[in-house]
Each structure stands twice: as structure tokens, then as C-alpha cells.
**Q** 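Submitted below is the structure of interest, expressed as C-alpha cells.
Every chain is numbered from 1, with letters handed out A, B, ... down the list of sequences. Keep in mind that this is a model prediction, so the values were computed, not measured.
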Amino acid sequence: MHEWALAESVVATVKRVAHEKKLHRITEITVKVGELQQIEREIFEFALEQMLSQADSPMRDAKVVLEVERAQFCCRVCGTRWAFETQQLSPEIAEAIHFIPELAHTYIRCPQCHSPDFEVVQGRGVWLASLKGEE
Amino acid sequence: MDPRVAIIEERLKSIKKIIAVAAGKGGVGKSTVATGLALVLSEMGHNVGLFDLDFYGPSTHVILGASEEIQPTEERGIVPPKVHGIEFMSLVFYTGKNPAPLRGPDLTNALIELLAITRWGELDFLIVDMPPGLGDTTLDAIRLLKNPNFLVVTTPSRIAYETVSKLVALLSELGIPILGVIENMRRPSDRARASFGVRVLGELPFDEGLEDALGDPGRFLQTEFAQRLHEIALAIIQRSRGLT
């Protein structure tokens with residue numbers, strides 16, 4: 001499962017930040033996920049909880065807050081803005097974008113001018129939005 | 001903060017040596033050398049991976065003869081399939097015959113994503129087929145891959161030498177280990193050229209039989225090209241032991 005790989009990267013980052021900030025106990029981790037990533041929320045949350053519970057003691061009891069950001073595109077050619085609609089994609093294409101979100105440029109076109117040259121304005125990637133803890 | 005970068009080092013931990021096959025220029029046979037080197041090293045008994053980073057023009061799957069049915073498997077990430085004994089990863093698994101029109105930041109993100117989720121096995125060598133040029137993916141590979149050693153490919157053409165010398169200059173300036181230079185597509189009539197100040201590992205002939213052997217690794221390994229590459233591979237193994 002791809003979600004496990006991403007959860008592993010989140011836990012590695014939390015570990016690094018906790019070490020840098022000399023936090024002895026982490027109380028809350030907020031992770032934001034772009035909609036384009038099409039993550040299975042339950043699997044990702046389960047993977048995060050499992051890995052945190054097995055990790056070093058500072059993060060064992062951390063509460064995980066998961067927020068999904070809607071994906072939006074803006075065409076660089078004609079300026080049209082539109083939202084990501086998974087239901088219009090075949091399962092194979094949805095899966096390709098799930099693994100490599102940049103492949104939106106391979107499979108999605110501007111609804112107005114059909115250009116593949118668009119910007120992912122928001123809703124791409126996985127990032128650690130905030131970390132609460134005690135020194 | 002992007003967490004994916006934090007896991008890349010962990011993902012590359014099982015690889016003893018990363019060899020980036022680069023040219024700074026297209027059309028010199030870089031992908032053929034990269035794939036051939038992977039096949040030759042694998043034939044010698046080494047555990048080898050091949051990673052195609054030429055996102056605009058991936059071609060190693062054609063040389064390797066990877067059929068369309070072959071796909072990575074999902075297991076806490078993606079596990080590269082074995083093609084002719086080589087662990088193989090390419091964007092082509094997800095694009096098929098479609099183009100990937102990516103701008104710079106998209107190239108970077110696609111590379112980070114692939115590095116973060118690909119779970120390589122225990123490898124003696126990971127051969128990386130680099131894209132032409134000194135753009136985003138080349139700079140990202142230098143930044144993100146664990147201590148890559150570069151293998152530089154040129155042809156006897158003055159045009160290739162002109163461009164490739166800039167790649168060598170950049171790598172030297174950055175202190176990146178260069179295993180050496182391979183001169184590809186050499187014909188007997190070609191004149192000897194001045195070196196870049198980097199060791200020349202060998203010459204590969206312009207092999208008329210090579211085109212027909214593409215996609216058939218057994219036949220490919222019988223070509224004069226592959227046999228000469230075998231000698232070069234031995235020199236690379238020797239040389240890579242001396243470089244960190």
C-alpha cells in the first residue's frame with residue numbers, strides 16, 4: 001500500500017523535527033494531504049497510528065489530525081480554473097495519478113482549451129502542517 | 001514541510017553503489033549504455049537495479065524488452081518488478097505510451113515521489129539512466145541520490161564533446177565522483193579526441209547488429225557492443241571500489 005510508504009515518511013519527519021526542537025513529548029501532529037494524492041484516508045490514518053505507536057516514546061501518544069485539501073488547477077494558456085474530479089477518470093488513470101500526482105499532466109486537460117500546461121494551484125502532496133509538543 | 005524527502009535516504013539504504021549514466025546531451029546512446037551495463041553486471045552475478053529518470057523520453061523498457069503486462073507491485077510502497085533479473089523502475093509503468101509534459105517543479109515532485117515510495121531490494125548496483133541536459137532532474141538526482149558516481153557517455157563527435165565537457169566541468173566543480181568517460185558509437189575512421197581530463201574507461205563500437213537486438217536481452221548480450229561493455233564493467237567495478 002502506497003499509504004504506508006507516505007505514512008512512513010511522515011513519521012520519519014516527525015522524528016527529525018522532534019529531535020531538532022528537542023521535544024520530549026509530542027502531543028499533536030497535523031498532516032495535510034492534497035486531494036490529487038487520492039489517499040485512502042482510513043488506511044493512511046491506520047498506518048500513521050500503527051507506526052507512531054511503535055515509534056520512540058516521544059511520539060507514542062500523539063494525536064493525529066488529518067486534513068485533506070481540495071485540488072484545483074489553473075490553465076497557464078487560457079487562465080481557466082477548475083477542480084479535480086476523480087469520477088471522470090478510469091480506475092487505471094486514477095491509480096497512476098495516485099502514485100505520481102504529476103501525471104495529472106499526462107491524463108488531464110484544460111476543460112476550455114485542452115492544454116496539458118496547467119498549474120496545480122492547491123491540493124498536491126503530503127505535508128506536515130504543524131507539530132505540538134513539550135520540551 | 002514535505003515529509004517525502006526524509007524517507008529517501010532510508011529507501012536507498014539497501015543499495016551499495018549508485019551509478020548515474022549521464023551525457024549532458026541526447027542521442028549519444030546513454031540509455032543503451034545504462035541498460036547494457038545493468039544487463040552485463042547482472043550477468044556477472046551482481047544484484048542490479050535500473051531506474052529510468054528520463055521522464056520525457058523513457059526508453060530503457062524498450063531496450064530491456066519489458067512487456068506491458070509487467071507492473072510494480074504494491075507493498076507498503078511500490079516494489080519494482082524484476083525484468084531479466086534486474087529490478088526495474090520507470091515512469092512508463094504509469095504513463096504507458098502517453099507523453100508526460102512536465103515543467104520543472106513537476107519533474108522534481110515526480111522524482112521525489114518515486115524515490116519516496118519505491119522499495120528497492122538489496123542491490124550491489126543501481127544504474128540510473130539520467131535525462132539529457134543539466135536541468136531539474138539532473139540537479140535533483142545530484143541532490144537526492146545517495147552519493148551517486150557518474151558515468152559519462154559521449155560519442156566521438158565534436159558536438160557531443162562540446163556538450164559533455166560542460167557536464168564534466170559541473171560535476172568536477174561540485175566534487176561529485178566521476179567513474180570515467182565512455183566513448184560510444186566509435187567507428188574505425190573516427191579521429192582520437194582530446195580528453196576531458198577524466199579517465200576514459202573505454203570505447204564502444206558503432207554496432208550494426210545492436211538495433212535488432214533491442215528488446216531481446218539474450219541477443220543483446222551477444223553483441224560486440226555488450227562484449228566491450230563487459231570489459232568496461234570490470235573497469236567500473238574496480239574503479240568504483242576506489243571511489244566513495
Side-chain angles (χ1 to χ4, degrees), chain A residues 1-17 19-21 29-34 36-37 39-40 43 47-48 50-51 76-77 90 92-109 115-120 124-131, chain B residues 1-14 51-53 55-58 68-69 71-81 89-120 136-137 140 144:
Chain A
M1 285 293 172
H2 177 232
E3 283 76 3
W4 282 84
L6 293 174
E8 207 179 334
S9 70
V10 170
V11 173
T13 306
V14 169
K15 206 180 274 186
R16 182 180 287 184
V17 174
H19 181 73
E20 283 168 7
K21 294 191 171 178
I29 298 162
T30 304
V31 180
K32 283 198 178 180
V33 182
L36 200 55
Q37 211 87 20
I39 269 175
E40 293 272 356
I43 297 171
L48 271 175
Q50 283 285 308
M51 285 178 190
R76 288 193 175 96
V77 178
S90 71
E92 293 78 23
I93 290 175
E95 190 177 80
I97 296 173
H98 165 62
F99 282 116
I100 323 274
E102 284 62 44
L103 296 186
H105 298 279
T106 291
Y107 297 110
I108 296 173
R109 295 290 180 261
S115 171
D117 188 11
F118 54 83
E119 186 188 348
V120 180
R124 191 261 172 266
V126 177
W127 63 101
L128 190 61
S130 71
L131 191 66
Chain B
M1 182 180 284
D2 186 342
R4 297 171 303 166
V5 177
I7 204 71
I8 291 175
E9 199 178 327
E10 180 69 26
R11 295 279 182 260
L12 301 175
K13 238 181 200 168
S14 60
F51 191 12
D52 196 330
L53 287 193
F55 292 161
Y56 293 137
E68 286 179 20
E69 294 78 53
Q71 282 289 315
T73 49
E74 284 183 62
E75 198 184 322
R76 295 196 167 203
I78 49 177
V79 179
M89 182 52 70
S90 168
L91 201 65
V92 86
F93 287 132
Y94 304 102
T95 56
K97 293 193 184 306
N98 302 296
L102 303 173
R103 282 179 178 262
D106 301 320
L107 288 170
T108 298
N109 264 318
L111 175 59
I112 291 175
E113 195 80 28
L114 269 177
L115 287 171
I117 65 175
T118 303
R119 304 181 74 99
W120 298 99
D136 296 81
T137 307
D140 285 329
L144 298 166

**Q** Could you tell me which portion of A:V17 (side chain, backbone, both or neither) has an atom closer than 4.5 angstrom to a non-hydrogen atom of chain B?
**A**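 For A:V17, side-chain heavy atoms alone lie under 4.5 Å from chain B.
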**Q** Does atom CD (B:E9) have a neighbourhood of more than 12 heavy atoms from anything else shown, all under 6.0 Å?
**A** no
**Q** Taking every non-hydrogen pair under 4.5 Å, which of A:I97, A:V126, A:I93 racks up the most with chain B?
**A** A:V126
**Q** Need one label for B:I117: side chain, backbone, both or neither, based on atoms under 4.5 Å from any heavy atom in chain A.
**A**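 Both parts, heavy atoms under 4.5 Å.
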**Q** May I ask you to name which of A:L103, A:V10, A:V14 has the most heavy-atom pairs under 4.5 Å with chain B?
**A**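 That would be A:L103.
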**Q** Distance-only, no hydrogens or angles: does the B:S90 side chain make a donor-acceptor pair with backbone N or O of B:D52 under 3.5 Å?
**A**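 Flag not set: sc B:S90 to bb B:D52 has no pair under 3.5 Å.
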**Q** Determine the interplanar angle of the A:H105 and A:F118 rings, folded into 0 to 90°, and report it as parallel if under 30°, tilted if 30 to 60°, perpendicular if over 60°.
**A**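 Plane angle under 30°, so parallel.
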**Q** Please state whether the side chain, the backbone, both or neither of A:E95 comes within less than 4.5 Å of a heavy atom of chain B.
**A** side chain
**Q** Got a sec, which pairs hit salt bridge (Lys or Arg N to Asp or Glu O under 4.0 Å) with one end in residues 4-15 of chain A, sequence neighbours left out?
**A** A:E8-B:R11, A:E8-B:R119
**Q** With chain A, which of B:L91, B:N109, B:T118 has the greatest number of heavy-atom pairs at distances under 4.5 Å?
**A**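 The candidate making the most pairs under 4.5 Å is B:N109.
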**Q** Which pairs pass salt bridge (Lys or Arg N to Asp or Glu O under 4.0 Å) with one or both residues in residues 100-112 of chain B, sequence neighbours excluded?
**A** A:D117-B:R103
